[in-house]
Amino acid sequence: MNYLTLEELKRQCIIEESWHEDDTYLESLGDAAEDFVQAHINCMLDDVTAENGGTLPNSLRQALLIIVDYLYDNRGSGDNHEIPPAFYVLCKPWMTYTIA
């Protein structure tokens, strides 16, 4: 997990900072969120960060947090919960398109 802190993940998921039983799980969700966002925007977050003066844009930071919260709330769920539309809006400016 390169772009979020455990404290940010806990705040997003409304978890007490003193609760540590899910720390490892939350960090794995942070890793998964980074992979998911990179695949969605078709660009490495390191490249976006480099182009943005060494800082991850706030919109992508929030998109990462949305995915972590979504995955945390819907783990093991058989229901068809949709990813919040805000995720797509936040990622749209950073999408990279390739011409085949």
Side-chain angles (χ1 to χ4, degrees):
M1 190 171 66
N2 298 314
Y3 297 98
L4 301 172
T5 66
L6 183 58
E7 291 76 25
E8 288 175 300
L9 299 180
K10 286 185 170 185
R11 258 193 319 272
Q12 179 71 21
C13 296
I14 311 172
I15 299 170
E16 293 287 331
E17 283 194 40
S18 60
W19 173 268
H20 297 290
E21 290 189 34
D22 282 348
D23 287 0
T24 302
Y25 180 61
L26 284 167
E27 289 173 341
S28 73
L29 293 179
D31 289 335
E34 289 177 9
D35 292 343
F36 186 83
V37 169
Q38 290 177 135
H40 183 71
I41 66 172
N42 196 32
C43 185
M44 300 299 292
L45 293 174
D46 287 344
D47 295 340
V48 174
T49 300
E51 292 172 9
N52 199 49
T55 304
L56 183 70
N58 288 331
S59 56
L60 288 179
R61 176 176 297 283
Q62 189 58 44
L64 288 168
L65 290 168
I66 286 171
I67 293 300
V68 169
D69 188 42
Y70 171 81
L71 293 171
Y72 187 78
D73 286 346
N74 296 291
R75 56 183 155 172
S77 175
D79 296 337
N80 290 326
H81 298 282
E82 292 186 26
I83 294 171
F87 168 80
Y88 299 104
V89 173
L90 291 165
C91 287
K92 189 166 180 72
W94 305 102
M95 303 264 313
T96 301
Y97 302 94
T98 56
I99 299 173

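Here the structure is a predicted model, which is why all the values come from computation and not from measurement. For reference, positions follow the sequence shown, starting with 1.
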Are [Y] and [X] connected in a single hydrophobic cluster, I mean Ile/Leu/Val/Met/Phe/Trp/Tyr linked by side-chain heavy atoms less than 4.5 Å apart?
X: Leu26; Y: Trp19; value: yes
X: Leu60; Y: Met95; value: yes
X: Leu65; Y: Val89; value: no

May I ask you to test the [X]-[Y] pair for a side-chain heavy-atom distance under 4.5 Å?
X: Val37; Y: Tyr3; value: no
X: Leu56; Y: Asn52; value: no
X: Val48; Y: Ile41; value: yes
X: Asn2; Y: Leu45; value: no
X: Leu9; Y: Leu29; value: no
X: Asn42; Y: Tyr97; value: no

N-O pairing of Lys10 and Asp22 below 4.0 Å: no
Rounded distance (nearest 0.5 Å) linking atom [atom1] of [X] with atom [atom2] of [Y]:
X: Gln38; Y: Leu64; atom1: CD; atom2: CG; result: 8.5 Å
X: Cys91; Y: Ile67; atom1: SG; atom2: CD1; result: 7.5 Å
X: Asp23; Y: Leu6; atom1: CG; atom2: CG; result: 4.5 Å
X: Asp73; Y: Cys13; atom1: CG; atom2: SG; result: 6.5 Å
X: Asp69; Y: Ile15; atom1: CG; atom2: CD1; result: 8.5 Å

Over all atoms of both residues, closest heavy-atom pair of [X] and [Y]:
X: Val68; Y: Ala33; value: CG2-CB, 3.7 Å
X: Ile66; Y: Ala86; value: CD1-CB, 4.1 Å
X: Leu4; Y: Met1; value: O-CE, 3.4 Å
X: Ala32; Y: Leu71; value: CB-CD1, 4.4 Å
X: Ala63; Y: Leu90; value: N-CD1, 3.9 Å

Any pair with a residue in residues 48-67 that passes salt bridge (Lys or Arg N to Asp or Glu O under 4.0 Å), sequence neighbours left out, goes on the list, sorted by first then second residue, please.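 Applying salt bridge (Lys or Arg N to Asp or Glu O under 4.0 Å) to every pair that reaches into residues 48-67, excluding sequence neighbours, yields Glu8-Arg61.
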Provide the full list of salt bridge (Lys or Arg N to Asp or Glu O under 4.0 Å) pairs with a residue in residues 86-95, sequence neighbours left out, each pair given once. none
Fit a plane to each ring of Tyr88 and His40, take the angle between them on a 0 to 90° scale, and name the class: parallel (under 30°), tilted (30 to 60°) or perpendicular (over 60°).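 If you compare the ring of Tyr88 with that of His40, the planes turn out perpendicular.
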Using the side chain to side chain contact (heavy atoms under 4.5 Å, CB included) criterion, which residues pair with Glu7? Sequence neighbours excluded.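 For Glu7, the residues satisfying side chain to side chain contact (heavy atoms under 4.5 Å, CB included) (neighbours in sequence not counted) are Thr5, Arg11, Glu17.
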Centroid-to-centroid, Phe36 to Tyr70, below 6.0 Å? no
